[in-house]
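Quick note: numbers below take in every heavy atom, side chains included, and nothing from hydrogens, waters or symmetry partners.
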Amino acid sequence: LRKVEGRLPRRVGTADHADAFPGDDSAHAYAVAGIIGAKANNSLGIAGVDWNASLYSFFGGGAADNTTINAIVNELIPDNCRVMNASWVLTQKDIGNPPRYNELMDLAFRDLYSSNIVAVCGAGNRGTGGALDYPANFRKVITVGAIDSVNNHAYFSSTTAKMDLVAPGDHIASLGNGNSIKDDWYGTSFSAPFVTGAASLLYARHRNLYADDVAAVLRATADPIGSDSTMFGAGRLNIRRALRALETGRFFENNRIPVPYVDLTVMPDVYMGSRKFLGFDRFGLPDGSYQNVWCRELRYTIHYPDRGRVPI
């Protein structure tokens, strides 16, 4: 498992963007990353939805096992990520790659939700009436289908009662192999990152949003383009309307976004006797043994306003 971290403006949309991952998987990964956050105004490639986003890219191989994928999902929590893009599906190793449900993975995605991390998933590419893919059909995710350039349901896009909204997913221009730009990407893998970028922009505007606030705003501001909710969900992603909606306060109690508050508690000093300290030189404490060491603990508790969340 390798993690390429950093803002990726240095990687995405620049000459070295395809050097991080060898093989065919690199093109798909960087196309997705480019849609989310390729740097703008540099005369290179394309501009992503949120070109100031910080991106973490996880590579598990073309056929990662449950343990690897679960490790990737769980690592997002301590990394303080706010949005996860899942442009992949769980499949069985069988003819035709039929979909599969995995309880461990379902629990991992619920942990993301409980940690206030938005998970955006491509609905899958099995067409109308096809089998349901996961993680797109887990409960606590934003499920994204694909439309073409004239707002028709893309022929390959899966349908599901879980559909939240749709975004462009046919003949999409983004990063390709080497230093190229490829303009014929298609699939819900490339619809999802438009919504991921939009969620990132919402968090950039208001960092105190809850995960379900983000989902509610994106659905409520989508453009209605079709009557079949299994194809279109709430409609087509409209980033401008979503950002403007935050300023109205209509989605929040008392017309304001709830702000967490912090309590500071100073714990009683504890005598620790003799202790050896290593690696604290950056705090002005040279390595060595110290006598009569006392410990003072400061506890910060973050309180989030009760928004009546549905337990999971």
Item to check | Taking every non-hydrogen atom, the tightest pair across D133 and N137 | outcome: O-ND2, 2.7 Å

Next on the checklist: Check whether S115 reaches the backbone of I117 with its side chain - one donor and one acceptor, N or O, closer than 3.5 Å.
Outcome noted: no

Next on the checklist: Here's a test for you: under side chain to side chain contact (heavy atoms under 4.5 Å, CB included), which of V166, N152, L237, D170 qualifies with I147?
Outcome noted: V166

Item to check | Residue pair F156 / G169: nearest heavy atoms and the distance that separates them | outcome: CZ-O, 3.3 Å

Item to check | S289 side-chain N/O to K276 backbone N/O, donor-acceptor pair under 3.5 Å | outcome: no

Checklist entry - Hey, is the main chain of H171 close enough, under 3.5 Å, to the side chain of D183 for a donor-acceptor pair? => result no

Item to check | L243 versus R205, closest heavy-atom pair with distance | outcome: O-NH1, 3.8 Å

Next on the checklist: What I want to check is whether the side chains of Y101 and D106 have a donor and an acceptor closer together than 3.5 Å.
Outcome noted: yes

Checklist entry - How far apart are the closest heavy atoms of G122 and A136, and which atoms are they? => result O-CB, 3.2 Å

Next on the checklist: Set out, in order, the CA-CA distance, both residues' side-chain angles and the distance that settles side chain to side chain contact (heavy atoms under 4.5 Å, CB included) for N42 and W51, then state yes or no.
Outcome noted: CA-CA 11 Å; N42 61 357; W51 53 80; over 6 Å; no

Checklist entry - Is Y203 atom OH crowded by more than 12 heavy atoms from other residues, nucleotides or ligands, each under 6.0 Å away? => result yes

Checklist entry - Under the 3.5 angstrom rule, does the side chain of S200 hit a backbone N or O of T196 as a donor-acceptor pair? => result no

Item to check | Residue pairs passing the salt bridge (Lys or Arg N to Asp or Glu O under 4.0 Å) test where at least one lies in residues 45-56, sequence neighbours excluded | outcome: none

Checklist entry - Just by distance, do the side chain of N116 and the backbone of L209 share a donor-acceptor pair under 3.5 Å? => result yes

Item to check | Donor-acceptor contact present, side-chain W185 to main-chain L175, <3.5 Å | outcome: yes

Checklist entry - Is a side-chain donor or acceptor of T159 paired with a backbone partner of M231 at a separation under 3.5 angstrom? => result no

Next on the checklist: Surrounding CG of N41 (heavy atoms of other residues, nucleotides or ligands, distance under 6.0 Å), is the total greater than 12?
Outcome noted: no

Next on the checklist: Would you call the rings of W88 and F109 parallel, tilted or perpendicular, taking 30° and 60° as the class edges?
Outcome noted: tilted

Next on the checklist: So, using ring-ring contact (aromatic ring centres under 6.0 Å, His included) as the criterion, who are the partners of Y290 when residues are at least two apart?
Outcome noted: F277

Checklist entry - Quick one: are the ring centres of F190 and H28 less than 6.0 Å apart? => result yes

Checklist entry - Do I225 and V144 sit in the same hydrophobic cluster, where Ile, Leu, Val, Met, Phe, Trp and Tyr count as joined when their side-chain heavy atoms come under 4.5 Å apart? => result no

Item to check | Interatomic spacing from CZ in R219 to CG in D212 - rounded to 0.5 Å | outcome: 8.5 Å

Checklist entry - Quick one: do L132 and V89 end up in the same hydrophobic cluster if we chain Ile, Leu, Val, Met, Phe, Trp and Tyr together by side-chain heavy atoms under 4.5 Å apart? => result no

Next on the checklist: Considering only residues two or more places apart or on different chains, which pairs with a residue in residues 194-203 satisfy salt bridge (Lys or Arg N to Asp or Glu O under 4.0 Å)?
Outcome noted: none

Item to check | Considering all heavy atoms, the nearest G145-S157 contact | outcome: CA-OG, 3.6 Å

Checklist entry - Would L202 and I239 show up in the same hydrophobic cluster when neighbours are defined by side-chain heavy atoms closer than 4.5 Å? => result yes

Checklist entry - Just by distance, do the side chain of K162 and the backbone of V141 share a donor-acceptor pair under 3.5 Å? => result yes

Next on the checklist: Could you go through Y155 and T128, starting from their C-alpha distance and side-chain angles, then the distance that decides it, and tell me whether this counts as side chain to side chain contact (heavy atoms under 4.5 Å, CB included)?
Outcome noted: CA-CA 7 Å; Y155 71 91; T128 303; over 6 Å; no

Checklist outcome for this item: Rounded to the nearest 0.5 Å, the OH atom of Y134 sits from the CG atom of L90 at a distance of 10.0 Å

Item to check | Evaluation steps, side chain to side chain contact (heavy atoms under 4.5 Å, CB included), between D148 and Y186 | outcome: CA-CA 9 Å; D148 61 20; Y186 70 94; over 6 Å; no

Checklist entry - Is a donor on one side and an acceptor on the other found under 3.5 Å between the side chain of D223 and the backbone of G235? => result no

Next on the checklist: Could you see if V32 belongs to whatever hydrophobic cluster contains L165? Use Ile, Leu, Val, Met, Phe, Trp, Tyr and a side-chain cutoff under 4.5 Å.
Outcome noted: yes

Checklist entry - Just by distance, do the side chain of S174 and the backbone of A31 share a donor-acceptor pair under 3.5 Å? => result yes

Next on the checklist: I want to check something: taking the side chain as every heavy atom from C-beta on, are D164 and L218 in contact at a cut-off of under 4.5 Å?
Outcome noted: no

Next on the checklist: Is there a side chain to side chain contact (heavy atoms under 4.5 Å, CB included) between M105 and F138? Walk through the geometry before answering.
Outcome noted: CA-CA 9 Å; M105 203 64 55; F138 291 150; 4.0 Å; yes

Checklist entry - Does one hydrophobic cluster hold both M163 and I142, with members joined at side-chain heavy-atom distances below 4.5 Å? => result no

Next on the checklist: How close do H206 and L246 get, counting heavy atoms only, and between which atoms?
Outcome noted: CD2-CD1, 3.6 Å

